[in-house]
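Please read the structure below before turning to the comments.
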Amino acid sequence: QVQLVESGGGLVQPGGSLRLSCAASGSIHSINAMGWYRQAPTKQRDLVATITSGGRTNYANSVKGRFTISRENANYTVYLQMNSLKPEDTAVYYCNGFIVAGGLVGLRSYWGPGTQVTVSS
């Protein structure tokens, strides 16, 4: 069984910073791409940033220059450094990973339960 668990969310003032972490655990053979998505109330879940196992990154236009995604392959962990936060960044942030679980064939998409980020004065 594979699990993803996010941490690091919270309340921050506009212009502030937060660092989200997501750790994958369980019977893992390998992890391909990992990423962060977010969902604001009444909105759809949108891509924030992704990173391949080789370190290639992709960002939503709304966060380019402010957010940085990184990962530690040995620890099955992905991070999201968020700077210059704005009220419109308020959302539940979800971690996603394309993982080959031990004993199984093929990539499957796994999601964490999400962590709330609120940007407000």
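For this chain, numbers begin at 1 and follow the sequence in order.
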Ignoring hydrogens and angles, write down the donor-acceptor pairs under 3.5 Å from the side chains of residues 11-34, residues two or more places apart or on other chains.
| from | atom 1 | to | atom 2 | distance (Å) |
| --- | --- | --- | --- | --- |
| S17 | OG | N83 | OD1 | 2.9 |

Indicate every side-chain donor-acceptor pair of residues 112-121 with a distance under 3.5 Å to a residue at least two apart or in another chain.
| from | atom 1 | to | atom 2 | distance (Å) |
| --- | --- | --- | --- | --- |
| T115 | OG1 | G9 | N | 3.4 |
| Q116 | NE2 | A91 | O | 3.4 |
| Q116 | NE2 | T118 | OG1 | 3.3 |

Atom pairs and distances, donor-acceptor, side-chain atoms in residues 37-49, under 3.5 Å, two or more places apart:
| from | atom 1 | to | atom 2 | distance (Å) |
| --- | --- | --- | --- | --- |
| R38 | NH1 | D89 | OD1 | 2.9 |
| R38 | NH1 | Y93 | OH | 2.9 |
| R38 | NH2 | S62 | OG | 3.4 |
| Q39 | NE2 | K43 | O | 3.0 |
| Q44 | NE2 | D46 | OD1 | 3.0 |

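Judged as a salt bridge (Lys or Arg N to Asp or Glu O under 4.0 Å), not a single pair has a partner in residues 72-88 (not counting sequence neighbours). Residue pairs satisfying the ring-ring contact (aromatic ring centres under 6.0 Å, His included) criterion with at least one member in residues 60-91, sequence neighbours excluded, are absent. For residues 108-121, no residue pair satisfies the salt bridge (Lys or Arg N to Asp or Glu O under 4.0 Å) rule, not counting sequence neighbours.
Side-chain atoms of N73 and R71 include a donor-acceptor pair closer than 3.5 Å.
Y110 and L80 fall within a single hydrophobic cluster, where Ile, Leu, Val, Met, Phe, Trp and Tyr are joined by side-chain heavy atoms under 4.5 Å apart, directly or via other members. Cluster annotation: L4 is not connected to Y94 through the hydrophobic network of ILVMFWY side chains, with a link wherever side-chain heavy atoms come within less than 4.5 Å.
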Output, in order, the C-alpha distance, side-chain angles, deciding distance and verdict of side-chain contact (heavy atoms from CB on, under 4.5 Å) for I51 and V78. CA-CA 9 Å; I51 184 168; V78 63; 4.1 Å; yes
After noting the C-alpha distance and the side-chain angles of W36 and C95, does the key distance pass the side-chain contact (heavy atoms from CB on, under 4.5 Å) rule? CA-CA 5 Å; W36 291 94; C95 174; 4.1 Å; yes
Show, in sequence, the C-alpha distance, side-chain angles and deciding distance for Y59 and I69, and conclude whether the side-chain contact (heavy atoms from CB on, under 4.5 Å) test is met. CA-CA 9 Å; Y59 295 93; I69 189 171; 3.5 Å; yes
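Of the inter-residue distances, the one linking N96 atom CG with E6 atom CD reads 10.0 Å to the nearest 0.5 angstrom. To the nearest 0.5 Å, atom CZ of residue F98 and atom OG1 of residue T50 are 9.5 Å apart.
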